[in-house]
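Source: prediction; values computed, not measured.
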There are 2 protein chains.
Amino acid sequence: MKLSNTTEYALRILSFMAMDEKLLYTANDLFDKLQIPYRYLRKQLNFLLKQGLLVSVQGKTGGYQIAKSLNEISLMDIIEATDDTKFENMCFFGFSECPLTQKCSMHERWGEVRNSTLSLLKTTTLNDIKNENNLTNLSLK
Amino acid sequence: MKLSNTTEYALRILSFMAMDEKLLYTANDLFDKLQIPYRYLRKQLNFLLKQGLLVSVQGKTGGYQIAKSLNEISLMDIIEATDDTKFENMCFFGFSECPLTQKCSMHERWGEVRNSTLSLLKTTTLNDIKNENNLTNLSLK
DNA sequence: TTTTAATGATACCTTTAGGTGTCATTACTG
DNA sequence: CAGTAATGACACCTAAAGGTATCATTAAAA
Ligand code: SF4
Ligand code: SF4
């Protein structure tokens with residue numbers, strides 16, 4: 001019912017970096033803003049790099065950047081990169097294979113809300129986030 | 001994004017027992033049908049007992065029964081009994097306290113799908129499950 | 001060419017969810 | 001009243017998620 005911490009972190013990272021996609025963000029820049037433990041953030045950045053969502057520049061003036069054009073990355077892409085759960089057709093009761101001879105009533109009911117959730121995640125891209133969502137104003141804690 | 005195994009197990013148990021709420025179900029009855037590891041099921045039954053969702057009868061002809069009337073138990077009640085996550089107003093990015101000066105665009109978008117999900121879970125009771133959902137026909141694997 | 005500030009790699013630690021194992025207790029039944 | 005089939009209690013184990021520690025590498029800049 002809740003995304004994993006790791007997935008939420010990835011969403012924070014990429015949504016924040018979407019604000020200015022040409023900028024090079026250092027791990028420290030992100031740490032200051034995103035409330036993610038520093039070393040875990042570093043690990044996570046390397047992971048997103050290997051997943052092809054980020055590119056990095058090494059050396060003193062290095063940092064990270066979003067790898068693709070913003071409208072090519074949906075929220076679902078980020079979620080899928082960090083969570084291998086298959087959400088499509090997921091059974092409300094958690095059965096990996098339906099044990100029933102007929103579909104139960106939760107099948108459709110749950111299917112509806114799940115699909116509207118999935119639809120939101122699939123259709124919202126980092127470009128939408130950039131235009132509408134202002135994570136710019138993140139205040140330091 | 002996914003309910004925990006434990007929560008899914010609880011939903012299976014109570015939805016199944018709702019089929020005939022006056023019947024006394026043994027752990028073995030449930031084990032045969034619900035694809036839950038036997039000992040974990042036993043543990044879970046004791047837990048649901050302590051949570052006040054089930055009552056038990058000890059001794060040779062003992063078993064478990066749903067504690068309240070079916071329309072008094074919503075799916076959300078079951079979820080909340082087994083998962084202490086607070087879903088109301090949960091931030092998409094997982095911030096426990098919003099660090100922004102203004103609400104971001106995901107706040108409302110996510111709020112909508114989250115609320116429709118919560119609404120389904122809160123309004124659907126075991127009585128609805130009993131009438132509409134036939135977990136009766138569970139086939140053994 | 002040395003220093004410095006960034007990333008890269010990798011191993012380890014901690015907590016929690018999920019799952020097991022064992023034995024005690026209860027109460028029906030032969 | 002002994003045997004049996006159920007629940008009750010509790011300790012333990014395992015795997016995965018989340019988090020930490022350390023050192024190597026890169027490249028700009030003093
Ligand atoms: S019919 Fe019911 S039990 Fe079967 S997959 Fe759908 S939700 Fe799950
Ligand atoms: S405004 Fe955005 S960041 Fe703040 S709580 Fe809402 S979803 Fe989270």
Side-chain angles (χ1 to χ4, degrees), chain A residues 1-13 17 23-67 79-85 93-96, chain B residues 1-13 17 23-67 79-85 93-96:
Chain A
M1 264 302 266
K2 181 186 169 300
L3 296 164
S4 69
N5 288 355
T6 300
T7 298
E8 288 173 344
Y9 292 165
L11 290 165
R12 290 185 202 178
I13 292 168
M17 292 176 70
L23 216 67
L24 216 52
Y25 297 87
T26 70
N28 272 295
D29 292 340
L30 299 167
F31 173 65
D32 285 342
K33 297 288 190 182
L34 300 181
Q35 303 180 27
I36 304 172
Y38 181 71
R39 293 195 161 73
Y40 199 56
L41 169 62
R42 294 280 310 281
K43 189 192 242 182
Q44 182 84 344
L45 287 167
N46 272 286
F47 178 77
L48 295 172
L49 189 75
K50 295 214 176 88
Q51 292 295 111
L53 287 172
L54 298 179
V55 291
S56 72
V57 175
Q58 289 196 23
K60 192 172 183 180
T61 55
Y64 299 89
Q65 218 172 14
I66 295 176
I79 292 171
E80 283 173 345
T82 55
D83 184 339
D84 50 14
T85 308
F93 296 99
F95 289 115
S96 51
Chain B
M1 266 304 264
K2 182 185 167 300
L3 296 165
S4 68
N5 288 356
T6 300
T7 298
E8 288 172 344
Y9 291 165
L11 290 166
R12 290 184 202 179
I13 291 168
M17 291 174 71
L23 216 69
L24 216 52
Y25 297 86
T26 70
N28 271 294
D29 293 339
L30 299 167
F31 173 68
D32 284 342
K33 298 288 190 179
L34 300 181
Q35 303 181 25
I36 304 171
Y38 181 71
R39 289 174 202 292
Y40 198 56
L41 169 63
R42 294 280 311 281
K43 189 192 244 184
Q44 181 85 343
L45 288 168
N46 272 285
F47 178 77
L48 295 172
L49 190 73
K50 296 213 174 89
Q51 293 293 113
L53 288 172
L54 296 180
V55 290
S56 72
V57 174
Q58 288 196 24
K60 192 171 183 181
T61 55
Y64 299 88
Q65 217 171 15
I66 295 177
I79 292 171
E80 282 172 347
T82 54
D83 184 339
D84 49 14
T85 308
F93 296 101
F95 289 115
S96 51

Checklist entry - How close do Ile13(B) and Leu34(B) get, heavy atom to heavy atom, and via which atoms? => result CA-CD1, 3.6 Å
Next on the checklist: Please report the distance, rounded to the nearest Å, between CG in Leu24(B) and P in dA6(D).
Outcome noted: 11 Å
Checklist outcome for this item: Scanning both residues in full, the closest heavy-atom pair of Tyr9(A) with Pro37(A) reads OH-CD, 3.9 Å
Checklist entry - Which sits closer to the 5' end of DNA chain C, Tyr25(A) or Asn5(B), going by the nucleotide each is nearest to? => result Tyr25(A)
Checklist entry - Considering only heavy atoms, which members of residues 41-59 of chain A lie under 4.0 Å from some atom of DNA chain D? => result Lys43(A), Gln58(A), Gly59(A)
Checklist outcome for this item: Closest heavy-atom pair, Gly62(A) versus Leu24(A), reported as atoms and distance to 0.1 Å, is C-CD2, 3.9 Å
Next on the checklist: Is there a side-chain contact between Thr6(A) and the phosphate of dA17(D), meaning an N or O under 4.0 Å from OP1 or OP2?
Outcome noted: no
Checklist outcome for this item: Closest non-hydrogen contact found for Leu49(A) with Ser56(A) is CD1-N, 3.4 Å
Checklist entry - Which sits closer to the 5' end of DNA chain D, Thr61(A) or Ala27(B), going by the nucleotide each is nearest to? => result Ala27(B)
Checklist entry - Between dG19(D) and Tyr9(A), is there an OP1 or OP2 to side-chain N/O distance shorter than 4.0 Å? => result yes
Checklist entry - Roughly, in whole Å, what's the span from CZ in Phe31(B) to P in dA5(D)? => result 18 Å
Checklist entry - Looking only at heavy atoms, which two atoms of Ile36(B) and Phe31(B) are closest? And how far apart? => result O-CD1, 3.1 Å
Checklist outcome for this item: Shortest non-hydrogen pair, Phe93(B) vs Arg12(A), comes out as O-NE, 2.7 Å
Next on the checklist: Testing the 3.5 Å rule here: is there a donor-acceptor pair between the side chains of Asn28(A) and Thr26(A)?
Outcome noted: no
Item to check | Span of DNA chain C, from the first to the last nucleotide whose atoms fall under 4.0 Å of chain A heavy atoms | outcome: dT4(C) to dA11(C)
Checklist entry - Checking side chain to side chain contact (heavy atoms under 4.5 Å, CB included) for the pair Leu53(A)/Ile66(A): CA distance, chi angles, key distance, verdict? => result CA-CA 6 Å; Leu53(A) 287 172; Ile66(A) 295 176; over 6 Å; no
Next on the checklist: Pick the closest DNA chain D nucleotide for Arg39(A) and for Tyr64(B) by heavy atoms, then say which residue is nearer the 5' end.
Outcome noted: Tyr64(B)
Item to check | Pair listing, side chain to side chain donor-acceptor pair (under 3.5 Å) test, anchored in residues 39-54 of chain B, at least two apart | outcome: Thr6(B)-Tyr40(B)
Item to check | d(OH, Tyr40(B); C1', dC13(D)) in whole Å | outcome: 14 Å
